[in-house]
Amino acid sequence: MAMMTVIEAVREAMREEMQRDASVFVLGEDVGRRGGVFLATQGFIDEFGEERVIDTPLAEAAIAGVAVGAAMSGMRPIAEVQFGDFVFPVFNQIVGEAARIRYGTKGKISVPMVLRIPYGGHIRGGLFHSQSPEAYFAHTPGLQVLCPATPYDAKGLLKAAIRSNDPVVFLEHKRTYRAVRGEVPDGDYVVPIGVADIKRYGDAATIITYGLTMHYSLQAAEVLAAEGIEIEVIDLRTVSPIDRDTVLESVRKTNRVLVVHEDNIALGVGAEVSALIAEHAFGNLDAPVMRVAGPDIPAMPFAPTLEAAYMPTADKIEAGLRRLLEY
Amino acid sequence: MAMMTVIEAVREAMREEMQRDASVFVLGEDVGRRGGVFLATQGFIDEFGEERVIDTPLAEAAIAGVAVGAAMSGMRPIAEVQFGDFVFPVFNQIVGEAARIRYGTKGKISVPMVLRIPYGGHIRGGLFHSQSPEAYFAHTPGLQVLCPATPYDAKGLLKAAIRSNDPVVFLEHKRTYRAVRGEVPDGDYVVPIGVADIKRYGDAATIITYGLTMHYSLQAAEVLAAEGIEIEVIDLRTVSPIDRDTVLESVRKTNRVLVVHEDNIALGVGAEVSALIAEHAFGNLDAPVMRVAGPDIPAMPFAPTLEAAYMPTADKIEAGLRRLLEY
Amino acid sequence: MTQNLENLPKGLNPEDLVDIYAKMVLIRTLDERIWAMNRQGKAAIVASSQGHEAAQLASVWALRHHSEDYFCFTYYRDLAVTVAQGLTPTETLLGFLAKEGEPMSGARQFPQHGAILDKKVINISNVVSTHIPHAVGWALAAKMRGDKTVVAAYMGDGATSQGEVHEAMNFASVLKLPVVFIVENNKYAISVPQHKQMNVKQISSRAAGYGMTGVTVDGTDVIASYEACAEAVERAARGKGPSLVELEVERYLPHTSDDDDSVYRAKAEIDEARKRDPLVKLKDLLASAGLMTDERDVELRESARREIDAATDAAEAAPFPSDRDVLEHVFEEVR
Amino acid sequence: MTQNLENLPKGLNPEDLVDIYAKMVLIRTLDERIWAMNRQGKAAIVASSQGHEAAQLASVWALRHHSEDYFCFTYYRDLAVTVAQGLTPTETLLGFLAKEGEPMSGARQFPQHGAILDKKVINISNVVSTHIPHAVGWALAAKMRGDKTVVAAYMGDGATSQGEVHEAMNFASVLKLPVVFIVENNKYAISVPQHKQMNVKQISSRAAGYGMTGVTVDGTDVIASYEACAEAVERAARGKGPSLVELEVERYLPHTSDDDDSVYRAKAEIDEARKRDPLVKLKDLLASAGLMTDERDVELRESARREIDAATDAAEAAPFPSDRDVLEHVFEEVR
Ligand SMILES: Cc1ncc(C[n+]2csc(CCOP(=O)(O)OP(=O)(O)O)c2C)c(N)n1
Ligand SMILES: Cc1ncc(C[n+]2csc(CCOP(=O)(O)OP(=O)(O)O)c2C)c(N)n1
Ligand SMILES: [Mg+2]
Ligand SMILES: [Mg+2]
């Protein structure tokens, strides 16, 4: 066991997979000598050479599209987009193409690629360095969308993603990169795609969340625990396809659900969670499924005061829990 | 009053607005001499000249981005994307830029543009000519997303869209273009953005839908009406922002809701409708909010047998209603 | 004619020209049949290759003769490439009729879309130009693995306006990847004529801005097309990076069967273009070299018609695909 | 120096050069202050203009002297453009400190982002190159309205790899729009050197592929930069369409305050680049022409320092914006 940060876990996962499998390579802006703007690939160019650590031109559509083409031919590219806000140029290739290639060739071609995206706010990123783009991808059949919150999950899920024979959108919350440390086992392990994790057990209500707000949710749960109220916290980890079983089982136990995410509320991942619960656990609910999420404004303003107004922090989650419990 | 098709209504709306306001112009591929591939701008180049009816290079990002720039400077461009499936290249400009410009300049610049997108399937369009992209836009604060189903709504909403000072994504279902005829009043009128329309009154259950499946929903409602079961059919018309009042009022009356759309189910517009109802009308529900929608496969296969398997048609909606009523 | 048969480009023999002509006859016959079946309401959508055949076939022969291995990323108008690569007329027609057994996508996609890996053809998408980065990625993978594949990326003139083409060409040139970008310039993107698409006469003028070689030749001339493609294929094969080959062709029919070109294109222009018909030009060339007679030509056409008739019957007799697997192949495992 | 003061390009007078020098001193002082405030933890993020000033200021003077009206679509490194256009040092610093009263976005955005319409500057987005189509659209609108605006679209070398730049340049050239594409080529996109971004030495080599004029000049040389920009502005103003002006500049500091350039850039390279410092070059030129003395230079620097000191105090004293309006301006009306 070693203590490491999320960015270290990400780096370790890629390094080990590149050591293990010669078909794995990374491409993106500044991934070479610079080691990526967040240093996810620090040292890689020395270890694996320029051929497998490709500094690309500043062109996200090509990064994604070239990765798709290489993956179609059997390589396992890991493409990096520098910030979640710069991800829209890849939509044509990822949402329009990668997601449909297996289906559109009736299974003859697969796209075993990973698109890594540092995302999310509460880092003074302002309007164009704070985006949470997961819902766009989660609406797209054919994509697997992962949002790990801890170093353990980051490493294990990234390994699973690299080994998956289908495209993965891998979202790494920027604020967790250095702020979140945790234990990571020595040696090889994977965290299965599509399986949620109960990060805290409780019976009074269930929070369903992922990413940075998973940590804020745990903080809010601690506050209520001090009052003897035990909240269950489910970390989705994979936001598409959603792990219905884990979610529904918890709902049947606690009968109250708060969905929490940083992305804006309208058609955020929480909408699908709420709709699924409505469909499959209607009879188990003692209160409406409530949502605490970013407001429906473009994420997220730069000034610290404005950013704080946007961000679903522990106190807002706590307030949401109290509303839910009082219903 | 005149009887016309949806495509005629679209054409009339644009023509009248271009006659009324010199700042309105159209741009897109083949909109000139060809009159657009669906003939939405037929005759425009003769009436308004090449300057206001601009045949562009085959470059959707530029079409959208140039429209954004022109709109920022006070023009009212109507940009056309030929098919909903080719819309991903505009995401950077529409989702990333147009949606945030008012917010990011604190109201100093607005983007009064309309992006017209023929969309949807059941026309033998296959995997890349059948897409329903509305949910991506509906997840984006700052965009108004309209999906008219009838000639009346198409004309009135398009006029409202052109006059709006904020960007509008205007989705026209391709199958309705020639298949749906209806009465359209003579002279000028607008249908307000953000207001749903009850297309059929009933008390047994509410269908919430829009676009082509609005017509299929009415067909299903007719079948049940023959058995004395009256279904209310709400046509959202604007899928973002959603008209909560109309939706919630109907739920309070019928206590049962079926959401119907052609787009795939996961994080489709129906998810947000379901989540809103859960939040605001929990106590009014006698049954879970159910969804009839496209399956979570890339929309939609080409062979007629496969297309039929995808499509939420009247019989599938009828079956959904019966499930809902039996709960 | 730019060349006589004494002076053919390296790698191209007179027999190749005879073979190419025979293929061209077959493909034209097939193309005409498909168009007719659309007018009969049997084929939902068709984009004709008529006028592009010489360019397409020359490129395939150049790939065969000048690379150790190759792969084709085609677009919807490349019927001559797919057939030359081995898609049979029956398989082709199964695609146009969306029937069971269609080999590229199982009739999930428009005709000519999907993949036939054993025949080295991929055409995933209807979204114009999205395949150009794929082709570059395929070439990158080949280079990384050290195999000798040269990748041909086909596109129309209209496609070159797309940002992804710019990004992909630049990317390929920076990494010196074995790609040949083949532009079939028929001077129209649906209804939009070249001068409204770009302010240049030659699309190959873009190549210099990427540091690669660009050339424009008469794409109705098999020999000129072969020569230009062969040089580009050799450059790619020798590790000298990508090239841009612009082949000036003609589009004789409307953009697709859904289009009506009479509203934007003068009949006189099409009549003029017919004078460059690649089929006629190649036949005349072969005849003047004593390699083709009218009798042999009639034989070829009749044998083609018989083959297409049989394929038509087979395709019409086939059922539509069963909908049982419509939920399959979203992911490796059904979820 | 490429020119002496007897032979200045049309429209540029010796007094202009003195004015430009004074602005340059002010802007360099301001830029250094901002960087220092980042290191003190006060300014969250900074992209320095140091090394780009001559290019930026020359372009502004060319726009002023050779168009009836103009508009600037800038990018994050264009501090000299925004200040030359009238953004005061205090306003600038309010932006870097994200304080109330920040005029471009109300501190919703990174510094230098948003709009100051009365000062003819828009810089909406941090997403590289998205503003290039906007600039083209603004020019289209100007042309449609018949006003005489010339639009300057600023970008870095890295930005030119984006598909949207290709699409926008092509679009502008087809419609002969009054745009000047100004590429500030500092040979790096963050850490990626030019040869990994493109396989050409001169980005202006792309212009021919769009049918427009392209030119590359020394962007640390005010006079050469002015001349190249002036010609492009005049072409645009005369309805002759867009041009691409590549200004070869230097980046003296890391990409932004978040970057560490020592891992990818040799110190010797930066030392070498310092020899082309536009500030030093212009001072030497003016001195040799008798238009600048060391005393006057010291005066300029001290007055700049005083102005920036006062601005710093004012900006530091300002409060952060209140969060009351955080939900406003999503749409025209709050919904
Ligand atoms: C991204 C995208 N935009 C628009 C279309 C619609 N469309 C299909 S083909 C075509 C014209 C293509 O012209 P060109 O590249 O010259 O090829 P050609 O058909 O002339 O061979 C257009 C606009 C599309 N399929 N994809
Ligand atoms: C679409 C997009 N991709 C990546 C980034 C991250 N990024 C910001 S600036 C930059 C480099 C830009 O280089 P260049 O255009 O040469 O401008 P310079 O900073 O050198 O002046 C990158 C990669 C971004 N902001 N937007
Ligand atoms: Mg063409
Ligand atoms: Mg640069």
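To find a chain, count down the sequence lines: A is the first, B the second, and so on, and within it residues start at 1.
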For [X] and [Y], which heavy atoms make the closest approach, and how far apart are they?
{"X": "D:Val330", "Y": "B:Pro141", "answer": "CG1-C, 4.1 Å"}
{"X": "D:Ser105", "Y": "B:Gly104", "answer": "CB-O, 3.0 Å"}
{"X": "D:Glu167", "Y": "B:Ala62", "answer": "OE1-N, 2.8 Å"}

Is atom [atom1] of [X] surrounded by more than 12 heavy atoms (other residues, nucleotides or ligands) closer than 6.0 Å?
{"X": "B:Glu51", "atom1": "CD", "value": "no"}
{"X": "D:Glu328", "atom1": "CD", "value": "yes"}
{"X": "D:Glu316", "atom1": "CD", "value": "yes"}

Q | Residues forming a side-chain hydrogen bond (donor to acceptor under 3.5 Å, both in side chains) with D:Glu332, sequence neighbours excluded | A |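 If we apply the side-chain hydrogen bond (donor to acceptor under 3.5 Å, both in side chains) test to D:Glu332, skipping adjacent residues, the hits are B:Asn165.
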
Heavy atoms, side chains only, cut-off 4.5 Å: are [X] and [Y] in contact?
{"X": "D:Asp325", "Y": "B:Lys106", "result": "yes"}
{"X": "B:Gln93", "Y": "D:His134", "result": "yes"}
{"X": "D:Trp138", "Y": "B:Val68", "result": "no"}

**Q.** Members of residues 70-103 of chain D whose heavy atoms come closer than 4.5 Å to chain B
**A.**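 Within residues 70-103 of chain D, the residues under 4.5 Å from chain B are D:Phe73, D:Pro103.
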
Q) Which residues, numbered in order, of residues 143-151 of chain D come under 4.5 angstrom of chain B by heavy-atom distance? A)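 If one takes a 4.5 Å heavy-atom cut-off, the residues of residues 143-151 of chain D near chain B are D:Met144, D:Arg145.
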
If you measure from [atom1] on [X] to [atom2] on [Y], what distance do you get to the nearest 0.5 Å?
{"X": "D:Arg108", "Y": "B:Arg100", "atom1": "CZ", "atom2": "CZ", "answer": "13.5 Å"}
{"X": "B:Glu97", "Y": "D:Ser125", "atom1": "CD", "atom2": "OG", "answer": "3.5 Å"}
{"X": "B:Arg102", "Y": "D:His329", "atom1": "CZ", "atom2": "NE2", "answer": "8.5 Å"}
{"X": "D:Glu164", "Y": "B:Asn92", "atom1": "CD", "atom2": "CG", "answer": "4.5 Å"}

For [X], is it the side chain, the backbone, both or neither that has a heavy atom under 4.5 Å from a heavy atom of chain D?
{"X": "B:Leu58", "result": "neither"}
{"X": "B:Ala61", "result": "both"}
{"X": "B:Gln144", "result": "both"}

(Q) What verdict does the side chain to side chain contact (heavy atoms under 4.5 Å, CB included) test give for B:Ile193 and D:Phe331, after you've listed the backbone C-alpha separation in whole Å, the side-chain angles of each residue and the deciding distance to 0.1 Å? (A) CA-CA 12 Å; B:Ile193 294 172; D:Phe331 295 110; over 6 Å; no

Q: Please flag which part of D:Leu175 lies under 4.5 Å from any non-hydrogen atom of chain B: side chain, backbone, both or neither.
A: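 Contact with chain B is through the side chain of D:Leu175 alone.
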
Q) Side chain, backbone, both or neither: which part of D:Val326 has an atom under 4.5 Å from a heavy atom of chain B? A)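 Interface part for D:Val326: both.
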
Without placing hydrogens or testing angles, list every side-chain donor-acceptor pair under 3.5 Å for residues 117-124 of chain D, not counting sequence neighbours.
| residue | atom | partner | partner atom | Å |
| --- | --- | --- | --- | --- |
| D:Lys120 | NZ | D:Asp69 | OD1 | 3.0 |
| D:Asn123 | ND2 | D:Gln112 | O | 2.8 |
| D:Asn123 | ND2 | D:His113 | NE2 | 3.4 |

